[in-house]
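Just below is one structure, and these are the notes that go with it.
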Amino acid sequence: MAITKLNGTKDILPEEIHRWTYVESMFREVCDTYGFKEIRTPVFESTELFKRGVGETTDIVNKEMYTFEDNGGRSLTLKPEGTAPVVRALIENKIYANGQINKMFYITPCFRSERPQAGRQRQFHQFGVETFGSDSPVADAEVIAVAMTLFDKLGVGELELRINSIGCPECRGKYREILQDFLRPKLDGLCETCKSRFDKNPMRILDCKSPECQKQVVGAPQMLDYICDDCKTDFEELKVALTAMKVPFIVDASIVRGLDYYTKTAFEIITNKIGAQGTVCGGGRYNGLIKQLDGPDQPGVGFGMGIERLLIVMKEFGVQVPQDDTIDAFVAVMGDKAKIKALELIQDMRRAGLKVQMDLAMRKLGKQFELADRLGARNTLVLGDDELEKDAVIVKNMETKEQVEVPVSNILNYLKESR
RNA sequence: GUGGGCGUAGUCAAGUGGUUAAGACACAGGGUUGUGGCUCCUGCAUGCGUGGGUUCAAAUCCCAUCGUCCACCCCA
């Protein structure tokens with residue numbers, strides 16, 4: 001039986017890697033302009049981090065984590081999301097102690113044991129940003145702007161930003177009760193999953209897709225009408241900031257975060273073009289998290305973005321990813337003596353930063369030209385006994401088909417100038 | 001975790017119980033023994049995801065299993 005990769009994992013092949021490096025470098029560029037610094041944390045952490053950081057009641061912690069014991073009997077978990085590890089690093093390295101607002105970004109694989117489908121894998125990749133230490137909604141707006149600027153740069157500007165406020169623990173608790181009071185008499189009319197949501201996460205019922213639930217939910221109290229004055233002020237300021245930054249948004253009361261640590265601002269950037277998993281980017285404010293993980297009582301805000309989903313969106317939008325598939329020279333060789341001389345030449349050219357290839361299979365000249373063509377060579381150098389004698393090489397421009405004889409001593413300059 | 005679709009060459013596939021499993025692309029070699037893209041010729045699945053079963057006969061029917069895709073759930 002052949003050994004194959006596991007369900008829900010993917011190889012990223014040489015033919016598509018340029019798409020990945022492209023979005024990653026664009027993301028780095030945008031982060032740089034906004035002043036976010038990269039941080040890299042381990043792929044596995046102690047299980048406790050996610051239990052406390054993400055929340056014991058969440059689906060992620062309850063049924064989707066890759067958790068195992070190491071040789072010492074410690075419980076480890078492959079990171080299911082990016083934020084908790086970054087917060088752990090912030091606390092453990094006492095980065096917060098510099099008294100500054102700290103802005104970081106990460107690019108990392110994540111692991112969740114879900115059933116794979118379009119836009120959802122068991123190992124997937126996320127990048128995201130986090131801002132620690134600012135209460136200001138301007139920080140929220142800045143984080144959102146990073147994502148939107150990236151979309152613009154990548155040419156997928158038509159994604160929809162939806163924002164909401166899910167309040168602070170105090171007003172959310174009150175709203176929860178009000179919502180449950182509203183739904184209690186309608187409980188029988190709800191679908192099975194929503195019945196179980198009633199206690200666990202009643203806010204989820206509001207955006208249930210089943211028509212029966214949609215009917216019951218009409219006229220339900222909206223979170224935004226019940227958030228406290230402080231939360232309301234922040235939400236208004238966020239809208240003002242986004243407007244000033246010319247970032248279009250839609251207020252969507254159904255945006256709810258699935259991770260326990262979120263407070264106040266919640267947002268998603270979505271598309272209907274890539275199947276059922278349309279959330280490309282999700283994030284928000286998490287004011288309780290750092291303290292929850294035994295750090296200082298510092299606020300935070302950030303987002304996570306699914307790279308696979310982003311790449312699918314880019315494909316849908318027909319985004320052309322630049323790819324340099326040409327090389328400076330191909331060296332065609334005939335005879336063993338010429339081969340030695342060619343190795344010397346090629347090494348010189350490569351040391352000088354030129355992209356050069358040769359036929360490792362040492363086939364006949366016609367085949368070598370075929371290969372040169374396929375490799376996108378701008379020039380093909382021919383080196384055989386005749387040329388060895390003259391201490392020169394034939395250089396053929398593959399586009400114009402012009403051939404000139406160039407002395408070996410001039411070849412580097414010649415190629416650099418014809419670039 | 002639940003439901004459904006699909007597994008024939010490197011890729012896209014035809015074939016729906018009857019002789020040696022179409023075709024296309026890709027790849028390799030040759031026509032052209034020192035010159036690419038075009039063209040022509042040749043080659044490329046004792047095998048139809050895997051394991052059982054039914055049958056005189058199975059890629060084709062049945063069962064199981066694995067893989068994959070889509071959806072639910074949930075999320076990025």
Next item on the list: Provide the Watson-Crick or G-U wobble partner of B:G1, both distances under 3.5 Å; none if there is no partner.
Entry: B:C72

Note to self: What contact category does A:Gly82 fall into here, base, sugar-phosphate, or nothing, at under 4.0 angstrom with non-hydrogen atoms?
What the structure shows: nothing

Next item on the list: Could you work out the separation of B:C6 and B:A64 based on their P atoms and round it to a whole Å?
Entry: 16 Å

Margin query: For a quick check of understanding: with a heavy-atom distance under 4.0 Å over all strands, which category does A:Val280 fall into, base, sugar-phosphate or nothing?
Written below: sugar-phosphate

Checklist line | Whole-Å gap separating P (B:A76) and CZ (A:Phe303) | finding: 12 Å

Check: B:C62 and B:G18: how far apart are their P atoms, nearest whole angstrom?
Finding: 16 Å

Next item on the list: Check whether any side-chain nitrogen or oxygen of A:Lys364 sits under 4.0 Å from OP1 or OP2 of B:G31, and answer yes or no.
Entry: yes

Checklist line | Whole-Å distance separating the CD atom of A:Glu405 from the P atom of B:G34 | finding: 18 Å

Notebook entry, point to check: Looking for any heavy atom pair under 4.0 Å, which part of the strands does A:Glu114 touch: base, sugar-phosphate only, or nothing?
Noted result: base

Notebook entry, point to check: Which part of the nucleic acid does A:Ala276 contact within heavy-atom distance under 4.0 Å: base, sugar-phosphate only, or nothing?
Noted result: sugar-phosphate

Note to self: Taking only the C1' atom of each, what is the distance from B:G43 to B:G5 in whole angstrom?
What the structure shows: 37 Å

Notebook entry, point to check: Between B:A76 atom P and A:Glu24 atom CD, what is the distance in whole Å?
Noted result: 19 Å

Next item on the list: Name the closest nucleotide to the A:Gln126 side chain, picking from B:G34, B:G29, B:A76.
Entry: B:A76

Next item on the list: Answer yes or no: does a side-chain N or O of A:Lys367 lie under 4.0 Å from OP1 or OP2 of B:G37?
Entry: no

Next item on the list: With A:Lys264 as the cation and A:Phe235 as the aromatic partner, state whether NZ or CZ is under 6.0 Å from the six-membered ring centre and within 45° of the axis.
Entry: no

Note to self: Output the rounded distance in Å from CD (A:Gln121) to P (B:C70).
What the structure shows: 10 Å

Checklist line | Distance, rounded to the nearest Å, where A:Leu375 contributes CG and B:G37 contributes C1' | finding: 14 Å

Checklist line | P gap between B:G10 and B:G47, integer Å | finding: 13 Å

Notebook entry, point to check: For the base of B:G34, is there a side-chain donor-acceptor partner from A:Gln368 under 3.5 Å away?
Noted result: no

Next item on the list: Please state the P separation for the pair B:A58 and B:G51 - nearest whole angstrom.
Entry: 15 Å

Check: Can you tell me how far C1' of B:G34 sits from CD of A:Gln403, to the nearest Å?
Finding: 10 Å

Check: Would you say A:Gln117 reaches B:C69's phosphate, i.e. side-chain N/O to OP1/OP2 under 4.0 Å?
Finding: no

Next item on the list: Please work out if A:Gln277 contacts a base, only the sugar-phosphate, or nothing of the nucleic acid, heavy-atom cut-off 4.0 Å.
Entry: base

Note to self: What's the closest nucleotide to the side chain of A:Lys5 if the choices are B:C74, B:U68, B:C69?
What the structure shows: B:U68

Note to self: Walk me through whether A:Phe127 and A:Thr108 qualify under side chain to side chain contact (heavy atoms under 4.5 Å, CB included).
What the structure shows: CA-CA 6 Å; A:Phe127 52 66; A:Thr108 183; over 6 Å; no

Next item on the list: Figure out the CZ/P separation between A:Arg115 and B:C72, and round it to whole Å.
Entry: 13 Å

Notebook entry, point to check: Side-chain donor-acceptor pair under 3.5 Å between A:Glu130 and A:Tyr286, yes or no?
Noted result: yes

Checklist line | Glycosidic conformation of B:G47, taking syn as within 90° of 0 and anti otherwise | finding: syn

Notebook entry, point to check: Distance between the P atoms of B:C72 and B:G52, in whole angstroms?
Noted result: 38 Å

Check: Can the positive tip of A:Lys186 be found less than 6.0 Å from the middle of the six-membered ring of A:Phe182, inside 45° of the ring normal?
Finding: yes

Note to self: Using heavy-atom distances to pick each residue's nearest nucleotide on RNA chain B, tell me which of A:Gly8 and A:Phe124 is more 5'.
What the structure shows: A:Gly8

Check: Does any nucleotide pair with B:U39 by Watson-Crick or G-U wobble geometry, both distances under 3.5 Å, and what is it?
Finding: B:G31

Check: Just checking A:Arg112: base, sugar-phosphate only, or nothing, at a heavy-atom cut-off of under 4.0 Å?
Finding: base

Next item on the list: For A:Arg120 and for A:Thr9, find the nucleotide of RNA chain B with the closest heavy atom, then tell me which residue's nucleotide is more 5'.
Entry: A:Thr9

Check: How close do A:Ala372 and A:Met398 get, heavy atom to heavy atom, and via which atoms?
Finding: CB-CE, 4.1 Å

Margin query: Can you tell me which nucleotide in B:G37, B:C74, B:C70 comes closest to the side chain of A:Ala118?
Written below: B:C70

Margin query: Aromatic contact between A:Phe36 and A:Phe105, with the criterion being ring centroids under 6.0 Å apart: yes or no?
Written below: no

Check: Would A:Val319 and A:Val156 satisfy side chain to side chain contact (heavy atoms under 4.5 Å, CB included), going step by step from the backbone distance to the final call?
Finding: CA-CA 8 Å; A:Val319 172; A:Val156 290; 3.9 Å; yes

Check: Counting only Watson-Crick or G-U wobble pairs whose two distances fall under 3.5 Å, which nucleotide matches B:G51?
Finding: B:C63

Note to self: So if I take every side-chain heavy atom of A:Arg374 and compare against B:G34, B:A28, B:A76, which nucleotide ends up nearest?
What the structure shows: B:A28

Notebook entry, point to check: In Watson-Crick or G-U wobble terms, both distances under 3.5 Å, what is the partner of B:G23?
Noted result: B:C12

Check: Base, sugar-phosphate, or nothing: which does A:Asn7 touch, judged by heavy atoms less than 4.0 Å apart?
Finding: sugar-phosphate

Notebook entry, point to check: Could you state the CD1-P distance from A:Ile107 to B:A76, rounded to the nearest angstrom?
Noted result: 18 Å

Check: Are side-chain N/O atoms of A:Arg378 and A:Thr326 paired as donor and acceptor at under 3.5 Å?
Finding: yes

